[in-house]
Amino acid sequence: ILAIWHQLTKTEIPELTRVSVMMRERSRVEDTMYAMQKAGAGSLQVISDFDMTLTKFAHKGKRVPTTHNILNNRLLIDDDSTVKMKKLFNTYYPIEIDASLSPEEKLPYMVEWWTKVHDLLIQQRIRKDELARAVRDSNAVLREGCSAFFDCLAEQRVPLLIFSAGVGDILEEVIRQNHVFHPNVHIISNYMDFDHIGVLQAFKGQLIHSYNKRAGALSQGAALRELHGQPNVLLLGDSLGDLSMADGVSTAQNILTVGFLNDQVEERKESFLNSFDIVLLRDETMDVPNAILRFIV
Ligand code: C5P
Ligand code: MG
């Protein structure tokens with residue numbers, strides 16, 4: 001099997017031989033990919049996280065803003081609030097990625113972070129008609145090769161579910177401005193609720209944060225009929241919390257998970273390797289997901 005694998009990777013998927021690619025169990029990856037290839041595009045769906053998975057972690061030496069951080073713009077909120085949001089990020093983000101804490105231990109802090117930021121945004125009376133400009137002003141950038149990834153899925157009619165604990169309105173605007181908001185794209189996220197004059201008054205539905213995606217997957221994901229006929233799942237994420245995004249797919253036959261390990265790489269390597277089938281170390285491109293897709297469809 002090993003010999004066949006080496007042939008497969010060298011000839012068909014050379015991307016998987018890169019030093020930035022790690023796998024705990026190559027044979028499982030291989031078996032899953034062959035099964036998915038046999039079933040073809042008609043059986044495939046992709047479930048992906050958004051921030052730091054479809055977008056880059058850093059670009060030209062600077063951190064790329066998350067959808068929440070795109071809102072941290074003086075166009076939308078006052079100076080005092082921009083400082084507050086930055087402080088909240090510096091307090092809670094290290095907790096989110098702390099390798100020494102379990103998801104259960106992180107959970108209350110995540111709820112606190114999201115709640116504080118959403119309350120602040122509501123207080124600031126953000127206007128719907130300013131969002132597109134805030135996105136245009138921002139340094140939001142999709143991973144290299146991301147457009148090709150979106151385009152290929154659309155061409156092959158493979159449903160893409162973007163499952164994000166970020167802000168849905170901003171996420172939509174980012175993919176719209178990148179010309180990749182194709183009809184096969186479905187989104188589960190935190191959406192803003194505007195009043196009749198277009199001022200933010202609340203967030204809709206149950207809060208989604210990085211460690212409660214399972215609940216969202218079971219309620220909203222299971223409701224997406226387009227995803228039911230597709231038993232094979234390619235899942236992309238950058239957090240262990242993203243692994244539960246496919247929990248709503250009750251008919252899943254093969255699941256291949258790819259984890260982008262962007263930050264705290266040494267500290268989190270072991271847990272990522274134990275949880276994701278393929279781990280990508282500090283890889284700012286979509287080369288590997290694109291190569292997997294080319295192999296399957
Ligand atoms: O799309 P994804 O689920 O990755 O979006 C959530 C990410 O947004 C979290 O991983 C977190 O780091 C970030 N976040 C943020 N500001 C907040 C809340 C979350 O930047 N107030
Ligand atoms: Mg993410």
Side-chain angles (χ1 to χ4, degrees), residues 47-58 63-73 76-77 81-98 103 106-124 126 134 138-140 142-143 146 160-175 185-192 200 203 206-217 220-221 235-246 257-264 268 272 275-276 280 283-284 286 289:
I47 303 182
S48 181
D49 170 58
F50 188 71
D51 289 304
M52 312 295 125
T53 295
L54 293 177
T55 59
K56 283 190 176 189
F57 175 73
R63 279 293 297 271
V64 170
T66 61
T67 51
H68 278 99
N69 287 339
I70 289 172
L71 293 164
N72 193 355
N73 178 325
L76 303 171
I77 61 178
S81 299
T82 62
V83 175
K84 273 191 199 151
M85 254 183 102
K86 184 98 199 119
K87 269 196 189 149
L88 289 169
F89 186 87
N90 292 336
T91 305
Y92 289 103
Y93 174 70
I95 300 175
E96 182 188 16
I97 62 162
D98 191 330
K106 294 176 187 189
L107 209 125
Y109 295 102
M110 297 302 103
V111 174
E112 226 172 79
W113 182 16
W114 263 257
T115 307
K116 282 182 180 167
V117 168
H118 288 186
D119 287 349
L120 178 148
L121 295 170
I122 293 163
Q123 259 173 26
Q124 290 294 304
I126 285 184
S138 75
N139 302 317
L142 299 178
R143 278 183 199 276
C146 202
L160 167 61
L161 171 62
I162 302 177
F163 197 144
S164 171
V167 181
D169 308 73
I170 298 294
L171 186 172
E172 285 193 6
E173 194 54 37
V174 173
I175 61 174
V185 175
H186 308 274
I187 300 165
I188 298 177
S189 189
N190 299 302
Y191 276 92
M192 293 173 151
L200 178 66
F203 278 80
Q206 201 66 41
L207 174 73
I208 303 169
H209 58 74
S210 356
Y211 292 101
N212 74 348
K213 289 192 173 181
R214 186 179 153 77
Q220 300 189 56
L235 181 147
L236 313 178
D238 78 307
S239 160
L240 297 181
D242 293 331
L243 286 159
S244 59
M245 295 187 301
T257 60
V258 179
F260 287 92
L261 183 45
N262 302 311
D263 203 1
Q264 296 278 306
R268 296 197 291 166
F272 265 57
S275 313
F276 288 97
L280 306 175
D283 179 353
E284 294 287 10
M286 285 297 271

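Residue numbers run from 1 in the order of the sequence given. Values in this document were obtained by computation on a predicted structure and should not be read as measured data. In each ligand, atom 1 is the first atom listed, and ligand 1 is the first ligand listed. The analysis underlying the following values was restricted to heavy atoms, covering all of them including side chains, and did not include hydrogens, waters or symmetry mates.
The distance from the NZ atom of Lys56 to the CG atom of Asn262 is 11.5 Å, given to the nearest 0.5 Å.
Judged purely by atom type and a 3.5 angstrom limit, Lys213 uses its side chain to pair as donor or acceptor with the backbone of Phe163. Proximity of a side-chain donor or acceptor of Thr67 to a complementary backbone N or O of Val167 within less than 3.5 Å is detected. The backbone N or O of Ser210 lies less than 3.5 Å from no partner atom in the side chain of Asp49, so there is not a single donor-acceptor pair.
Within a radius of less than 2.8 Å around the Mg ion (ligand 2), the protein N, O or S atoms are Asp49 OD2, Asp51 O, Asp238 OD1.
Partner of Leu121 under the side-chain contact (heavy atoms from CB on, under 4.5 Å) criterion, out of Leu71, Asn72, Leu76: Leu71 alone.
Protein residues are said to neighbour a ligand when one of their heavy atoms lies under 4.0 Å from it; for ligand 1 these are Asp49, Phe50, Asp51, Thr66, His68, Asn69, Phe89, Tyr93, Glu96, Trp113, Trp114, Val117, Ser164, Ala165, Gly166, Lys213.
Ring geometry for Trp113 against Tyr92 counts as parallel: the plane angle stays under 30°, on a 0 to 90° scale with 60° as the upper cut. Ring orientation note: the planes of Tyr93 and Phe89 are close to parallel, at an angle under 30° on the 30°/60° scale.
Contact annotation: the side chain of Ser164 approaches that of Asp51 to within less than 4.5 Å [non-hydrogen atoms, C-beta and beyond].
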Determine, step by step, whether Val258 and Phe276 satisfy the side chain to side chain contact (heavy atoms under 4.5 Å, CB included) criterion, reporting the C-alpha distance in whole Å, the side-chain angles of both residues, the deciding distance to 0.1 Å, and the verdict. CA-CA 6 Å; Val258 179; Phe276 288 97; 5.7 Å; no
